[in-house]
Amino acid sequence: MIGIISRNCFYRQNDLVAIVRKCGFLGVSSSKLINSSPNMSIIQKRGALIVLEGCDRAGKTTQCKRIVESLNSAGHKAKFMNFPDRSTQFGALINSYLTSKDNFTDEGIHLLFTLNRWEAKNEMERLLRSGVTLIVDRYSYSGVAFSAAKGLNMDWCKAPETGLPKPDLVLLLTLTAEAMAKRGGFGQERYEVPELQKKVMEKFQTLKDDSYWKVVDADKKEDALSLELCEMVLDSMESCSDKPLGKLW
C-alpha cells in the first residue's frame, strides 16, 4: 500500500527539507509527495521513464540531476541516465565525433547513436520493472531530430529505434537562440551551431506527440524550472505505475 506524506510530516524530515528547499520544490502539493512505507508489504510498481529533450545548453543535464536528487530524498527510487553514454564502446566513438576528432558519414553516426541506446535497453527495462524511475537526458528523439536536421529522411532515422522502451513522459525544453548563445560552454561541440539548433527544434515539433509530450520554456531560474518539471514528473510517476512499458514507434 502506498501512503501519502502529509505536509507537516514532510517538513519534519530536516535533511529532506534542506534538499527540497535547495531544489525549489516546496511548491509541490503535498498530495504528490508519495512515499512507500518501509514497514508495509507492497505490490511492486514499475518506475516511470522520463526523458528531457531540447536544444543544447537548455539545462537538461542539470535539471535531470536535480529531479533525481529530489525524488531519492523523498523516498522514491530514481536514477539519472544520459545519451550518448560516452563510457561505452560505441559511446567512445561518438565522443570522438562530437569533439571533432573523428569523422563519420551522417548515416554512420546516426546508427552509432542508435546502437548506444540499444546497449542500454536491457538495463533500462530491468530498472524500470524493479520500480526505479529513470530520468534521461536525451533519447531517441534527439537522434532522429539531429539527423533529420542534417538532411536524412526522418522515417529512415526512426526505423532503427523501433522497439526501444517508450517514455511515459517527454519534457521538451525550449530556449531562444539569444538565450542559448548566452549559456556557458555553447559552441564547444560539433552540433552547437545556431542554425542547426533551430532546425533541430523544428524537427522536435514534428516528432512531438501531445499525448505524452510537454513543452517547457527553459529560460528561467533553475529553481523555478525544477519546480515546474518536478510537478510533471510526479504526475507521470503516479499515472503510469500500473501500466505496461511501451515500445517506441
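These figures come from a predicted structure and were not determined experimentally.
- Residue pairs meeting the salt bridge (charged side-chain N to carboxylate O under 4.0 Å, His left out) criterion with at least one member in residues 154-172, sequence neighbours excluded, are R46-D168, R117-E161.
- Taking each heavy atom of G163 and K121 in turn, the nearest pair found is O-CE, 3.7 Å.
- By the side chain to side chain contact (heavy atoms under 4.5 Å, CB included) test, N122 pairs with E125, sequence neighbours left out.
- Contact detail for G91 and E119: the closest heavy-atom pair is N-OE1, 4.4 Å.
- Taking CG of L128 as the reference point, atom CG of L134 lies at 4.0 Å (rounded to 0.5 Å).
- For L111, the side chain to side chain contact (heavy atoms under 4.5 Å, CB included) partners are W156, P160, not counting sequence neighbours.
- Looking only at distances, a side-chain donor or acceptor of T133 sits under 3.5 Å from a matching main-chain atom of A48.
- With contacts defined as side-chain heavy-atom distances shorter than 4.5 Å, the pair R57/Q197 does not qualify.
- With sequence neighbours left out, S130 forms a side chain to side chain contact (heavy atoms under 4.5 Å, CB included) with V132.
- Residue pairs meeting the salt bridge (charged side-chain N to carboxylate O under 4.0 Å, His left out) criterion with at least one member in residues 198-209, sequence neighbours excluded: K208-D210.
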Using the side chain to side chain contact (heavy atoms under 4.5 Å, CB included) rule, take F80 and T61 through it: C-alpha gap first, then chi angles, then the decisive distance, then the call. CA-CA 9 Å; F80 168 74; T61 303; 4.1 Å; yes

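- Residues forming a side chain to side chain donor-acceptor pair (under 3.5 Å) with N103 (at least two apart in sequence, or on another chain): R190.
- The minimum heavy-atom distance between P165 and Y139, with the atom names listed, is O-OH, 2.8 Å.
- Scored by the side chain to side chain donor-acceptor pair (under 3.5 Å) test, Y141 finds Y212 as partners (sequence neighbours excluded).
- Annotation for M81 and A120: closest pair CE-CB, 4.1 Å, computed over non-hydrogen atoms.
- Under the 3.5 Å distance criterion, with hydrogens and angles disregarded, no donor-acceptor pair is assigned to the side chains of T176 and D219.
- Listed by first then second residue, pairs satisfying salt bridge (charged side-chain N to carboxylate O under 4.0 Å, His left out) with a partner in residues 130-147 read E53-R138, D56-R138, not counting sequence neighbours.
- Under the 4.5 Å side-chain criterion, counting only non-hydrogen atoms from C-beta, L234 is in contact with L71.
- For NZ of K247, the number of neighbouring non-hydrogen atoms (other residues, nucleotides, ligands) closer than 6.0 Å is greater than 12.
- The salt bridge (charged side-chain N to carboxylate O under 4.0 Å, His left out) test applied to D242 returns K45, not counting sequence neighbours.
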Walk me through it: do L207 and W213 pass the test side chain to side chain contact (heavy atoms under 4.5 Å, CB included)? CA-CA 10 Å; L207 291 166; W213 283 55; 4.3 Å; yes

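- Side chain of S236 to main chain of V233: no donor-acceptor pair is present (N/O by atom type, distance under 3.5 Å, no hydrogens or angles).
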Set out, in order, the CA-CA distance, both residues' side-chain angles and the distance that settles side chain to side chain contact (heavy atoms under 4.5 Å, CB included) for T88 and L115, then state yes or no. CA-CA 10 Å; T88 71; L115 285 168; over 6 Å; no

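- Taking the side chain to side chain donor-acceptor pair (under 3.5 Å) definition, one finds that S87 meets it with D85, sequence neighbours left out.
- Although no hydrogens or angles enter the test, the distance criterion places a donor-acceptor pair under 3.5 Å between the side chain of N72 and the main chain of A78.
- Every residue two or more places apart in sequence or in another chain that forms a side chain to side chain contact (heavy atoms under 4.5 Å, CB included) with C157 is listed here: H110, V144, S147, L152.
- Here K150 pairs with D106 under the salt bridge (charged side-chain N to carboxylate O under 4.0 Å, His left out) rule; sequence neighbours left out.
- Counted within 6.0 Å of NZ on K243, heavy atoms from surrounding residues, nucleotides or ligands total 12 or fewer; the atom is thus considered open.
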